[in-house]
Amino acid sequence: IKKCKSDVDFSGVVARGGRFVTFDAKQTKGKSLPLGNVADHQVRTLLEKEQRGAVAGLMIYFSELGRVFFVRARVVD
């Protein structure tokens, strides 16, 4: 087994409709996510998948707010 750095945290296919979904999970204590916390290669990977029809982006947990948001890759870019 080779150890390597992965591009994103999750990639899979939704059973209903067969749509590809991929995202990277992030967490922040504040009310914003510093873009420095997102690697360039992750954004490129997510954009590439989104351009091919996938649902792709960042799943961001705001711990102070106790809320989760999904931000599409094109918005992150």
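Quick note: residue numbers are just sequence positions, from 1. Side chains are part of it too, since the values below use all heavy atoms of this structure and drop only hydrogens, waters and symmetry mates.
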Contact summary for Gln42 and Val8, nearest pair of heavy atoms: O-CG1, 4.4 Å
Heavy-atom pair of closest approach, residues Ser63 and Lys29: OG-CA, 3.4 Å
Rounded distance (nearest 0.5 Å) linking atom CG of Asp24 with atom CG of Asn37: 10.5 Å
Met59 side, atom CE; Thr22 side, atom OG1 - distance, nearest 0.5 Å: 10.5 Å
In one Ile/Leu/Val/Met/Phe/Trp/Tyr side-chain cluster, 4.5 Å: Phe69, Leu58: yes
Common cluster, Leu47/Leu33, ILVMFWY with side-chain heavy-atom separation under 4.5 Å: yes
Where Phe20 and Ser11 come nearest, the two heavy atoms and their spacing: CZ-CB, 3.8 Å
Cationic N near anionic O, under 4.0 Å, Glu48 to Arg52: yes
Minimum-distance pair of heavy atoms, taken over all atoms of Val71 and Val76: CG1-CG2, 3.7 Å
Cluster check Val68, Val14: I/L/V/M/F/W/Y, side chain < 4.5 angstrom: yes
Cluster check Phe70, Val75: I/L/V/M/F/W/Y, side chain < 4.5 angstrom: no
Non-hydrogen atoms of Gly53 and Arg19 that approach each other most closely: O-NE, 3.0 Å
Atom pair CG (Asp7) and CZ (Arg44), whose distance is rounded to the nearest 0.5 Å: 9.0 Å
Leu46-Val21 co-clustered via ILVMFWY side chain contacts under 4.5 Å: no
